[in-house]
**Q** 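Handing you a structure now.
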2 protein chains.
Amino acid sequence: MEQKESRRVQMTKLLLKTALIELMQEKPFRQITIKELCERADLNRTTFYLHYADQTDVLRDIEREIRDKTVDYMKNVGTDISTIGLIEAFLQYIKDNAKLFRTLFLSGEAEGFTQNFMGYALAEIKENLPYYGDELHEKYILTFLMNGSTHILIEWIESGFDLPASEVATLIYKLCDSVRDIAKE
Amino acid sequence: MEQKESRRVQMTKLLLKTALIELMQEKPFRQITIKELCERADLNRTTFYLHYADQTDVLRDIEREIRDKTVDYMKNVGTDISTIGLIEAFLQYIKDNAKLFRTLFLSGEAEGFTQNFMGYALAEIKENLPYYGDELHEKYILTFLMNGSTHILIEWIESGFDLPASEVATLIYKLCDSVRDIAKE
DNA sequence: TTGTAATTTCAACACGGTGTCGATTAACAT
DNA sequence: ATGTTAATCGACACCGTGTTGAAATTACAA
């Protein structure tokens, strides 16, 4: 029996999530203590253990939320749009929520989030990408493109968005596209 | 005045480094305590603080050592060799030391190491790579190639080396090479 | 071989975060 | 108003941390 969480519980969790995001903007994730987190959220430490096991647990919760929101957004961008347009919309979305994504991507605890998030987010885009026929090498090629693209995104965020989203989108598309022939040899 | 470390100190540090590598094969880096590390190394905890500040400090030391050894190896591969040959030699070196590199790359604490290590290791190779003329986009293209290649390597390690080194080397080379034209538009 | 300096050991300490109690108070829905 | 659910509070034992001062051990050179 899946029980819906009461508004009260949702609020408590929200307080904790907000507090964590705040603290992550001030110091590395790993040196944020549960004690500290609760003080910031103005909650009793015992309450924390009622909902989460540790800091990572809270972070995963945040990440799931962001991921779902982003996927939702991507789904509603429209289907009558070019692949480059899709990528651009995605990048623009990141930029529009820069503070949040900067925190998540550059937190030092990003490893897990990055893979998961990009996996979901790019699922929408992936379908529009060319198929790389080589079965043996395909997983490697996809890994290559996925992580290459991901780190362009990260560098773009780190730079403070030194290029327009459309330009980065075009670059990523071209890079992925240029690889298309590789497998056919 | 740079003082050389006594053999005794070197040995103590070696014990700690060995113990850490061992423990990293048993559990995630972040839940390895200093106490535990010293017990494994059969050293007093006080001794630890004589040489290192924390676990990360030891890890960095290991990483520097491995990096230098690898760069050394790469320098002696020979100059009269193709770029693909260079990459292959590099990959083979990883494979020959699989246990160690698996631990380092997949430790969950790999983020830092990966960037640093690949930066150095691929410096040898990079010179042989084509130059991507576009100044504005060059840093992004290099990021793309670097991280794409890096994650192919990681996936190759994770897979337990399901392809011969030569094949992976060729793939990486082709992928990087295929991007050459991008900038020229 | 012996003396000296460097290194490791040991016991002890205060400190702070952790996770878990049981009991109490508050919030909320019916 | 009542019963259920959630949050608070104080307290507790536990464990890892980092540092201290003194003692024991080791390395090495004279």
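When reading the values below, keep in mind they use all heavy atoms of this one structure, side chains included, and skip hydrogens, waters and symmetry mates. Sequence lines set the chain letters: A, B, ... in the order given, protein chains first and strands last, and positions in each chain run from 1.
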**Q** I want to confirm an ordering. Mapping B:K35 and B:R7 to their closest nucleotides on DNA chain D, which one lands closer to the 5' end?
**A**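 That would be B:K35.
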
**Q** Of all nucleotides in DNA chain C with an atom under 4.0 Å from a non-hydrogen atom of chain B, which is the first and which the last going 5' to 3'?
**A**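 Result: C:dA6 to C:dA11.
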
**Q** So, using ring-ring contact (aromatic ring centres under 6.0 Å, His included) as the criterion, who are the partners of B:F105 when residues are at least two apart?
**A**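 Testing B:F105 for ring-ring contact (aromatic ring centres under 6.0 Å, His included), a comparison that skips the adjacent residues, returns B:F113, B:F117.
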
**Q** For A:F29, check ring-ring contact (aromatic ring centres under 6.0 Å, His included) against everything at least two apart and list the hits.
**A**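 Listed in chain order: nothing, the list is empty.
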
**Q** Determine whether a donor-acceptor pair (N or O, by modelled atom type, separation under 3.5 Å) exists between the side chain of A:D177 and the backbone of A:Y173.
**A**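 Not a single qualifying donor-acceptor pair exists.
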
**Q** For A:D54, check side chain to side chain donor-acceptor pair (under 3.5 Å) against everything at least two apart and list the hits.
**A**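 Counting only residues at least two positions away or on another chain, A:D54 forms no side chain to side chain donor-acceptor pair (under 3.5 Å).
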
**Q** Let's see if you get this right: which residues in residues 36-64 of chain B place a heavy atom under 4.0 Å from DNA chain D?
**A**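 Within this stretch, B:R45, B:T46, B:Y49, B:Q55 sit under 4.0 Å of the strand.
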
**Q** Run the salt-bridge test on A:R40 and A:E36 with the 4.0 Å N-O cut-off and return the result as yes or no.
**A**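 No, A:R40 and A:E36 are not salt-bridged.
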
**Q** Look at the side chain of A:T12 and decide which nucleotide, out of D:dT26, D:dA7, D:dT17, has an atom nearest to it.
**A**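 Closest nucleotide among those given: D:dA7.
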
**Q** Under a 3.5 Å distance rule, please check whether B:Q55 uses its side chain to pair with a backbone N or O of B:I32 as donor and acceptor.
**A**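 Pair found, side chain donor or acceptor close to backbone of B:I32.
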
**Q** Quickly work out the B:E5 CD to D:dA27 C1' distance and round it to whole Å.
**A**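 It is 16 Å, rounded to the nearest whole Å.
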
**Q** Can you measure A:I34 atom CD1 to D:dC14 atom P for me and round it to whole angstrom units?
**A**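 Interatomic distance, CD1 of A:I34 to P of D:dC14: 20 Å.
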
**Q** Which comes earlier along DNA chain D counting from the 5' end, the contact point of A:S6 or that of B:S6, where each point is its nearest nucleotide?
**A**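 It is A:S6, whose closest nucleotide lies nearer the 5' terminus.
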
**Q** List, one per line, each side-chain donor-acceptor pair under 3.5 Å for residues 86-93 of chain A, sequence neighbours excluded.
**A**
residue, atom, partner, partner atom, Å
A:Q92, NE2, A:D96, OD1, 3.0

**Q** What is the distance from CE of B:M11 to C1' of D:dC28, rounded to the nearest Å?
**A**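 To the nearest whole Å, that distance equals 17 Å.
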
**Q** Would you say A:Q115 and B:H151 make side-chain contact, with heavy atoms under 4.5 Å?
**A**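 When only atoms from C-beta onward are counted, B:H151 and A:Q115 do touch, with a gap below 4.5 Å.
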
